Enquirer: 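Handing you this structure, nothing more for now.
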Amino acid sequence: AQSVTQLDSQVPVFEEAPVELRCNYSSSVSVYLFWYVQYPNQGLQLLLKYLSGSTLVKGINGFEAEFNKSQTSFHLRKPSVHISDTAEYFCAVSEPTVTGGFKTIFGAGTRLFVKA
Amino acid sequence: DTAVSQTPKYLVTQMGNDKSIKCEQNLGHDTMYWYKQDSKKFLKIMFSYNNKELIINETVPNRFSPKSPDKAHLNLHINSLELGDSAVYFCASSQTSGSSYNEQFFGPGTRLTVL
């Protein structure tokens with residue numbers, strides 16, 4: 001069965017410090033992996049995605065993530081965070097279905113709180 | 001131009017009432033979704049339509065009925081509203097046919113409060 005686990009519900013960090021938001025998934029087939037960000041009172045927007053190829057993917061706002069197939073992980077990192085990065089971050093897994101569509105499962109979210 | 005729009009943005013109503021939320025996308029996508037986000041930010045898929053056909057219908061009460069008049073619109077009608085229906089409802093869209101993956105574009109959300 002497909003599932004996504006975000007290991008930390010909240011991550012407080014000081015401005016300009018590095019951060020890692022952890023995501024593990026389980027799936028019986030090859031999957032596509034995404035990180036979405038939700039700023040307060042807004043919808044989700046795509047931060048980055050892994051489809052195939054290089055396991056290190058770069059996204060918007062200086063974020064990057066590394067796909068590790070053996071550990072079934074897709075952790076999100078940023079070397080130096082800003083106050084404006086305070087938001088909810090969602091890891092998502094998408095796999096094709098037999099009907100030709102996709103099924104996407106979201107993790108429970110990690111609240112990143114950047115302190116001055 | 002707004003890619004995925006929802007109306008209304010806020011909806012406050014009494015228990016037992018019937019209400020609708022509308023969603024429109026101008027991205028030309030063939031698939032649309034409704035998600036429910038609870039107070040703990042947990043995001044759960046409710047329905048998905050591909051070219052006006054229902055393809056995902058998670059364990060949602062029958063009081064919730066999606067309607068897709070065309071592939072650019074997906075509305076959500078809720079009958080006999082209950083306190084537990086209070087949440088933020090997000091509409092999203094994606095292009096499935098001809099795509100090798102499923103990047104979804106989200107609307108701004110509708111905050112439903114049932115009193």
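Values in this document were obtained by computation on a predicted structure and should not be read as measured data.
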Enquirer: Is it the side chain or the backbone of K44(B) that comes within 4.5 Å of chain A heavy atoms, both, or neither?
Expert: neither
Enquirer: Does some side-chain heavy atom of F106(A) sit less than 4.5 Å from a side-chain heavy atom of K41(B)?
Expert: no
Enquirer: With only heavy atoms counted, which part of Q38(A) is less than 4.5 Å from chain B, the side chain, the backbone, both or neither?
Expert: side chain
Enquirer: Do you know which of Q45(A), R111(A), E88(A) has the most heavy-atom pairs under 4.5 Å to chain B?
Expert: E88(A)
Enquirer: Please report the shortest heavy-atom distance between Q37(B) and F90(A), naming the atom on each side.
Expert: NE2-CZ, 3.4 Å
Enquirer: Look up atom CZ in F90(B) and atom CD in Q42(A), then write down how far apart they are to the nearest 0.5 Å.
Expert: 9.5 Å
Enquirer: Taking atom CG as the centre, does D70(B) end up with more than 12 heavy-atom neighbours from other residues, nucleotides or ligands that are less than 6.0 angstrom away?
Expert: yes
Enquirer: Would you say I60(A) and V114(A) are hydrophobically clustered, going by side-chain heavy atoms of ILVMFWY under 4.5 Å?
Expert: yes
Enquirer: Mind checking whether Y36(A) and Q104(B) have side chains closer than 4.5 Å, heavy atoms only?
Expert: yes
Enquirer: Determine whether E103(B) and K49(A) make a side-chain contact, defined as any pair of heavy atoms from C-beta on separated by less than 4.5 Å.
Expert: yes
Enquirer: Are W34(B) and F42(B) co-members of a hydrophobic cluster defined by side-chain heavy atoms under 4.5 Å apart?
Expert: no
Enquirer: If you look only at distance, which donor and acceptor atoms sit under 3.5 Å apart when one is on a side chain in residues 107-115 of chain B and the other is two or more places apart or in another chain?
Expert:
| unit_1 | atom_1 | unit_2 | atom_2 | d |
| --- | --- | --- | --- | --- |
| T110(B) | OG1 | Q6(B) | NE2 | 3.1 |
| T110(B) | OG1 | P8(B) | O | 2.7 |

Enquirer: Using the rule that Ile, Leu, Val, Met, Phe, Trp and Tyr join whenever any side-chain heavy atoms are under 4.5 Å apart, tell me whether Y39(A) and V19(A) fall into a single cluster.
Expert: yes
Enquirer: Tell me whether L46(A) shares a hydrophobic cluster with Y89(A), the cluster being built from Ile, Leu, Val, Met, Phe, Trp, Tyr side chains joined at under 4.5 Å.
Expert: no
Enquirer: Which pair of non-hydrogen atoms, one from L44(A) and one from F106(B), has the smallest distance, and what is that distance?
Expert: O-CB, 3.4 Å
Enquirer: Do you reckon L112(A) sits in the same ILVMFWY cluster as W35(A), going by side-chain contacts under 4.5 Å, direct or chained?
Expert: yes
Enquirer: Need one label for Y35(B): side chain, backbone, both or neither, based on atoms under 4.5 Å from any heavy atom in chain A.
Expert: side chain
